[in-house]
Amino acid sequence: MTAKETELNKESKLQDTICAPATARGTAALGMIRISGPNAISIINEIFVTTKGLKCVMKDTASGVTRHGFIINARNEMIDEVMCTIFRAPNSFTGEDTVEISHHGSIFIQQQIMVSIVNLGARIALNGEFSQRAFLNGKIALSQAEAIADLISARTAMAHHLAMKQLHGGYAEKIKEIREEFVKLLSLLELELDFSEEDVQFANRDDLNQLMQHSIDELEKLVKSFEAGSAFKNGIPVAIIGKPNSGKSTIMNAILNEERSIVSPISGTTRDTIEESVQIEGVEYRFIDTAGLRSAKDSIERKGIERSYKAIERAHIILYVCDLTHTPYEEVQAELLLLDSQVSLSGKKIIIIGNKTDLVRSNKVQKEAWDAMNSLQISAINNIGIDELLSRIAKISEKDEKQDELLVTNARHYDAMMRTLAALLVAQESLTEGQPIDIIASDIREAIHYIGEITGEVTTDEVLNNIFSRFCIGK
């Protein structure tokens with residue numbers, strides 16, 4: 001999309017005055033309706049009267065001022081006693097004239113006020129249209145608009161924390177810094193292109209390569225953070241694995257504090273994965289109880305074990321459960337090596353759990369060996385050691401969250417970063433090989449384009465509609 005087309009499209013989106021309830025539908029103490037656009041103040045001026053019966057006072061009300069009064073309909077009948085706040089452009093969320101009406105939380109009242117507003121020329125806002133206007137008017141970056149949606153849908157303290165960090169610009173600022181480095185690179189290259197006939201080099205090739213490498217390092221750090229960021233946002237997958245009858249399902253039930261998984265002394269009771277979410281210290285975890293790792297005897301058993309391996313592949317944390325009554329520590333080490341040869345355990349956090357301490361006779365040598373592995377010894381059936389297990393899981397997540405200042409949580413951003421990084425690596429290779437400056441400059445322009453998709457410097461109607469359609473109507 002050209003700059004001219006973007007500007008024309010922007011104007012067409014902003015010419016209407018829009019309105020919508022900004023609070024959830026249903027009976028409540030209070031509700032709020034938001035109006036935004038060129039006619040927002042003139043509309044409220046027609047339907048608002050003060051407690052003294054004065055009309056047409058809103059046109060002279062200063063930005064940020066709240067007035068107490070009544071909303072009336074076309075027949076001058078009182079609909080509700082309200083508080084109205086004026087936000088004049090550009091000092092509003094959308095960047096345009098905005099009015100917020102706080103009313104009693106009756107569905108009927110809300111509908112009647114909305115009818116009065118629409119009858120005066122406003123239209124019902126589309127999903128996310130207020131946030132979209134804030135973006136189009138330069139009040140927020142596109143990544144910040146997406147953070148608003150994440151903030152509204154946040155179910156945990158960690159999801160809230162990540163959304164707030166992205167909303168308040170730290171993330172957008174980082175992307176802006178990287179993009180500015182690209183622009184600096186391109187400026188140096190294009191300067192040489194302007195004087196190509198004179199065979200003049202304005203940029204030292206080592207300096208250019210150093211600039212590229214710094215940008216590559218910054219992007220790679222962000223790309224690598226996506227796995228952890230996505231897990232924190234959507235729930236960290238924790239796979240409970242081990243041999244049959246080691247107590248995996250009992251541990252699952254103890255963590256959930258309910259009988260979710262079937263527990264039986266019969267080996268191989270669990271033949272499929274069972275998944276449930278739990279919050280621990282403000283972080284959501286998705287615990288996955290798996291079928292015991294063993295040689296399959298039939299096709300159904302084989303299918304369950306295949307799903308166990310898939311759970312291991314996507315898990316961020318693995319709880320490897322062993323039966324202390326007959327599992328020496330040497331066997332545990334051998335089993336983990338075998339498992340690593342079948343599905344990579346690289347980068348995964350593993351907690352080795354020795355279960356059934358209540359059935360183990362005192363064995364000092366065995367205990368010292370298990371202690372040396374930094375294992376956790378518990379009795380799941382008696383709920384002994386479960387709190388310590390949850391504490392260890394929380395500490396792993398706390399360490400992961402602190403290791404990166406910024407975590408990428410958005411799949412669209414991750415995809416744009418991957419394409420940006422690919423273009424930059426091609427540019428660096430071209431520079432190393434001594435390719436013509438115009439080829440290198442073309443790759444840098446491509447990188448600038450892709451990274452611009454994150455903050456919204458480069459976008460299309462299709463992308464914007466896809467992003468904002470997932471918002472609620474009043475936002």
Side-chain angles (χ1 to χ4, degrees), residues 20-24 32 34 93-95 125-176 178 219 221-237 277-286 314 316 397-398 400-418 420 450-460 462-475:
T23 48
M32 180 186 287
R34 180 179 285 158
F93 172 69
T94 61
L126 302 174
N127 284 29
E129 192 167 2
F130 290 95
S131 296
Q132 187 170 8
R133 289 188 175 206
F135 162 68
L136 291 173
N137 286 322
K139 300 295 288 186
I140 54 174
L142 189 56
S143 59
Q144 289 174 289
E146 290 169 293
I148 292 171
D150 290 342
L151 190 63
I152 292 170
S153 62
R155 301 189 303 269
T156 66
M158 178 56 70
H160 171 267
H161 169 72
L162 292 173
M164 286 296 289
K165 188 183 288 188
Q166 185 169 323
L167 175 61
H168 285 283
Y171 181 83
E173 283 299 315
K174 186 65 176 178
I175 299 302
K176 183 180 177 182
I178 295 174
L219 277 171
K221 186 189 298 183
L222 289 171
V223 165
K224 287 177 182 177
S225 77
F226 177 68
E227 182 179 356
S230 179
F232 278 122
K233 177 182 174 181
N234 302 309
I236 299 171
S277 294
V278 176
Q279 286 191 37
I280 305 172
E281 296 185 15
V283 178
E284 184 175 4
Y285 296 85
R286 291 185 288 113
R314 62 190 175 96
H316 188 69
S397 301
E398 183 182 2
D400 284 349
E401 195 276 330
K402 287 181 178 178
Q403 70 182 5
D404 290 298
E405 183 181 350
L406 295 173
L407 293 175
V408 178
T409 62
N410 187 299
R412 187 184 73 84
H413 300 174
Y414 172 75
D415 178 65
M417 285 178 190
M418 288 293 287
T420 303
Y450 289 139
I451 202 165
E453 290 181 355
I454 297 174
T455 52
E457 279 95 347
V458 178
T459 190
T460 65
E462 183 179 3
V463 170
L464 290 180
N465 291 337
N466 182 51
I467 290 171
F468 290 104
S469 66
R470 295 196 291 265
F471 284 50
C472 55
I473 290 176
K475 198 61 182 174

Note to self: For a 4.5 angstrom cut-off between non-hydrogen side-chain atoms, does His160 reach Leu151?
What the structure shows: yes
Margin query: If you count heavy atoms of other groups shown closer than 6.0 angstrom to CD of Glu457, is the number above 12?
Written below: yes
Check: Got a second to check how far Gln144's CD is from Asp150's CG, nearest 0.5 Å?
Finding: 12.5 Å
Checklist line | Nearest atoms (heavy-atom pairs only) where Ser143 meets Gln166 | finding: O-NE2, 2.8 Å
Margin query: Using side chain to side chain contact (heavy atoms under 4.5 Å, CB included), reason through Ile467 and Phe135 one step at a time and then give a plain yes or no.
Written below: CA-CA 12 Å; Ile467 290 171; Phe135 162 68; over 6 Å; no
Margin query: Are the side chains of Arg286 and Arg314 in contact, using a 4.5 Å heavy-atom criterion?
Written below: yes
Item checked: Where Ser469 and Asn127 come nearest, the two heavy atoms and their spacing -> O-ND2, 3.3 Å
Check: To the nearest 0.5 Å, how far apart are CG in Leu219 and NZ in Lys224?
Finding: 12.0 Å
Next item on the list: Go through Ser277 and Glu284 one step at a time and tell me if the side chain to side chain donor-acceptor pair (under 3.5 Å) criterion holds.
Entry: CA-CA 7 Å; Ser277 294; Glu284 184 175 4; 3.3 Å; yes
Check: Can any side-chain N or O of Thr455 pair as donor or acceptor with the backbone N or O of Ala172 at less than 3.5 Å?
Finding: no
Next item on the list: Check whether any side-chain heavy atom of Thr420 sits under 4.5 Å from a side-chain heavy atom of Ile178, and report yes or no.
Entry: no
Note to self: side chain to side chain contact (heavy atoms under 4.5 Å, CB included) for Ile454 and Asn410? Distances and angles first, verdict last.
What the structure shows: CA-CA 10 Å; Ile454 297 174; Asn410 187 299; over 6 Å; no
Note to self: Would you compute the distance between atom OG1 of Thr409 and atom CE of Met158 and round it to the nearest 0.5 angstrom?
What the structure shows: 12.0 Å
Check: Do you know the tightest heavy-atom contact between Arg155 and Asn234?
Finding: NH2-O, 4.2 Å
Check: Do the non-hydrogen side-chain atoms of Phe93 and Ile148 ever get within less than 4.5 Å of each other?
Finding: yes
Note to self: Would you say NZ of Lys176 has more than 12 non-hydrogen atoms from neighbouring residues, nucleotides or ligands within 6.0 angstrom?
What the structure shows: no
Next item on the list: Report yes if the side chains of Val223 and Met418 come closer than 4.5 Å at any heavy-atom pair, otherwise no.
Entry: yes
Check: Rounded to the nearest 0.5 Å, how far apart are CD of Gln132 and CG of Asn465?
Finding: 6.0 Å
Note to self: If I take atom NZ from residue Lys221 and atom CG from residue Leu407, how far apart are they, to the nearest 0.5 angstrom?
What the structure shows: 11.5 Å
Notebook entry, point to check: Which pair of heavy atoms, one from Phe471 and one from Gly128, lies closest together, and at what distance?
Noted result: CB-CA, 3.3 Å
Next item on the list: Please report the C-alpha distance between Ile175 and Ile451 in whole Å, then the side-chain angles of each, then the deciding distance to 0.1 Å, and finally whether the side chain to side chain contact (heavy atoms under 4.5 Å, CB included) criterion is met.
Entry: CA-CA 7 Å; Ile175 299 302; Ile451 202 165; 3.7 Å; yes
Next item on the list: Would you give the length of the straight line joining atom CE of Met417 to atom CG of Leu222, rounded to the nearest 0.5 angstrom?
Entry: 4.5 Å
Check: What are the two closest non-hydrogen atoms of Lys233 and Leu162, and how far apart are they?
Finding: N-CD1, 4.2 Å
Check: Do the non-hydrogen side-chain atoms of Phe130 and Arg133 ever get within less than 4.5 Å of each other?
Finding: no
Note to self: Treating Ser153 as the side-chain partner and Ala149 as the backbone partner, does any N or O pair qualify as donor plus acceptor under 3.5 Å?
What the structure shows: yes
Next item on the list: For Arg412 and Leu142, work out which heavy atoms get closest and say how close.
Entry: NH2-CD2, 3.5 Å
